[in-house]
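Here the structure comes first, spelled out in structure tokens, and everything after it is commentary.
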Amino acid sequence: MGIRFILMVNKQGQTRLAQYYEYLTIEERRALEGEIVRKCLARNEQQCSFVEHRNYKIVYRRYASLFFLVGVDNEENELAILEFIHLLVETMDRHFGNVCELDIMFHLEKAHFMLEEMVMNGCIVETSKSNILAPIQLMDKA
């Protein structure tokens, strides 16, 4: 399947966006997010951006005050996922203008919409920033 979940978390460990591509109960999600966030936020800048947790490989990257965490299968290419995270940030930057935590909080539906345009059922289906943003720009005009 590839991508299992995508999380955006602030420096305090509060989840700002969560998108899951497999079924987990609310309690399982809460526990998983807590464990992963604690593990990733405790690491320093010199450590690599890949962590193994349970049956997932976590690929994460910090941009300003937000951490982008992506849980993938063990067979998934970590560097490709890092590129995906970078593409996601660049796409949000293009739309919001230097994306920050407040942009995600106040425009959560747009952030989810961008993710839905890029990822379908755990597979990356769109990588063109203009194709991802075109429907959002149409909605903004209406």
Side-chain angles (χ1 to χ4, degrees), residues 1-140:
M1 180 156 96
I3 296 174
R4 299 296 180 157
F5 58 85
I6 299 170
L7 302 174
M8 291 182 203
V9 179
N10 68 10
K11 288 191 281 190
Q12 289 76 36
Q14 298 167 312
T15 302
R16 294 300 178 201
L17 180 143
Q19 181 73 43
Y20 288 85
Y21 299 100
E22 66 179 1
Y23 177 76
L24 293 172
T25 66
I26 300 293
E27 293 80 21
E28 290 172 327
R29 289 180 183 195
R30 191 175 298 127
L32 180 68
E33 287 176 24
E35 294 165 7
I36 291 170
V37 168
R38 276 191 299 278
K39 193 179 267 192
C40 292
L41 268 60
R43 296 169 63 88
N44 64 36
E45 300 263 332
Q46 284 74 38
Q47 292 177 299
C48 77
S49 297
F50 316 135
V51 178
E52 291 197 10
H53 182 76
R54 295 188 192 172
N55 57 336
Y56 302 110
K57 212 183 301 183
I58 312 300
V59 181
Y60 70 96
R61 185 100 186 251
R62 178 180 170 194
Y63 285 93
S65 65
L66 281 174
F67 283 85
F68 292 76
L69 297 91
V70 180
V72 296
D73 294 333
N74 286 317
E75 308 85 51
E76 197 68 41
N77 184 335
E78 299 95 341
L79 297 177
I81 298 302
L82 272 177
E83 279 298 314
F84 166 74
I85 293 171
H86 188 68
L87 173 69
L88 177 60
V89 172
E90 283 183 333
T91 304
M92 290 183 168
D93 275 347
R94 185 181 284 184
H95 183 73
F96 295 118
N98 204 10
V99 68
C100 67
E101 183 180 351
L102 290 176
D103 291 322
I104 302 301
M105 290 172 63
F106 292 129
H107 304 286
L108 187 62
E109 71 287 345
K110 288 183 183 178
H112 271 287
F113 196 85
M114 285 180 209
L115 267 179
E116 289 167 4
E117 287 291 313
M118 298 172 81
V119 181
M120 183 180 294
N121 199 26
C123 297
I124 299 169
V125 294
E126 184 62 73
T127 57
S128 167
K129 291 177 217 144
S130 54
N131 287 350
I132 295 163
L133 292 174
I136 296 170
Q137 291 164 345
L138 285 173
M139 287 191 311
D140 287 345

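Reckoned from all heavy atoms, side chains included, excluding hydrogens, waters and symmetry mates.
To the nearest 0.5 Å, the span separating CD on Gln137 from CD1 on Ile132 amounts to 11.5 Å. Expressed to the nearest 0.5 Å, how far OG of Ser49 lies from CD of Glu78 amounts to 10.5 Å. Distance CD/Glu109 to CD/Glu116: 11.0 Å, rounded to 0.5 Å. Separation of atoms CZ (Arg61) and CG (Leu69) is listed at 13.0 Å; rounding is to 0.5 Å. Between Leu115 atom CG and Ile6 atom CD1 the span is 4.5 Å, to the nearest 0.5 Å. Atom CZ of residue Phe68 and atom CD1 of residue Ile104 lie 6.0 Å apart, to the nearest 0.5 angstrom.
A 6.0 Å sphere centred on CE of Met120 holds no more than 12 heavy atoms belonging to other residues, nucleotides or ligands. Within a 6.0 Å sphere centred on CD of Glu83, heavy atoms belonging to other residues, nucleotides or ligands number 12 at most.
Here the closest non-hydrogen pair linking Ile58 and His53 is CG1-CB, 4.1 Å. Closest heavy-atom contact between Glu117 and Glu126: O-CB, 3.3 Å. Pairing each heavy atom of Cys40 with each of Val51, the nearest pair is SG-CG2, 4.5 Å. Here the closest heavy-atom approach between residue Glu101 and residue Asn10 is recorded as OE2-ND2, 2.9 Å. When all heavy atoms are compared, the tightest approach of Leu108 to Arg16 is CD1-O, 3.4 Å. Residues Ala111 and Met92 approach most closely at CB-CE, 3.8 Å, considering heavy atoms.
Ion pairing between Glu76 and Lys57 fails under the 4.0 Å rule for side-chain N and carboxylate O. Between Lys110 and Asp140 there is a salt bridge, since at least one side-chain N of the basic residue sits less than 4.0 Å from a carboxylate O of the acidic one.
Counting heavy atoms from C-beta on, the side chains of Ile81 and Ile3 come closer than 4.5 Å. Considering only heavy atoms from C-beta on, Met114 comes within 4.5 Å of Leu133 through its side chain. His107 has its side chain out of reach of His95: every pair of non-hydrogen atoms, C-beta onward, lies at least 4.5 Å apart. For the pair Ile124 and Met118, the minimum side-chain heavy-atom distance is 4.5 Å or more. Arg4 has its side chain within reach of Glu22: a pair of non-hydrogen atoms, C-beta onward, lies under 4.5 Å apart. Using a 4.5 Å cut-off on side-chain heavy atoms (C-beta onward), Phe84 and Val72 make no contact. Within the 4.5 Å cutoff, side-chain heavy atoms of Glu33 are placed close to those of Leu7. Met105 has its side chain out of reach of Gln14: every pair of non-hydrogen atoms, C-beta onward, lies at least 4.5 Å apart.
For Gln47, the side chain to side chain contact (heavy atoms under 4.5 Å, CB included) criterion is met by Arg43, Asn44, not counting sequence neighbours. Phe5 pairs by the ring pair (Phe, Tyr, Trp, His ring centres under 6.0 Å) definition with Tyr20, Tyr56, not counting sequence neighbours.
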Check against side-chain contact (heavy atoms from CB on, under 4.5 Å), Arg29 and Thr15:
CA-CA 11 Å; Arg29 289 180 183 195; Thr15 302; over 6 Å; no

Evaluate Leu32 against Arg54 for side-chain contact (heavy atoms from CB on, under 4.5 Å), listing each step before the verdict.
CA-CA 9 Å; Leu32 180 68; Arg54 295 188 192 172; 3.9 Å; yes

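The closest donor-acceptor contact from the side chain of Asn98 to the backbone of Asp93 lies at 3.5 Å or more, if one exists at all.
Ring planes of Tyr60 and Phe67: tilted class, angle from 30 to 60°.
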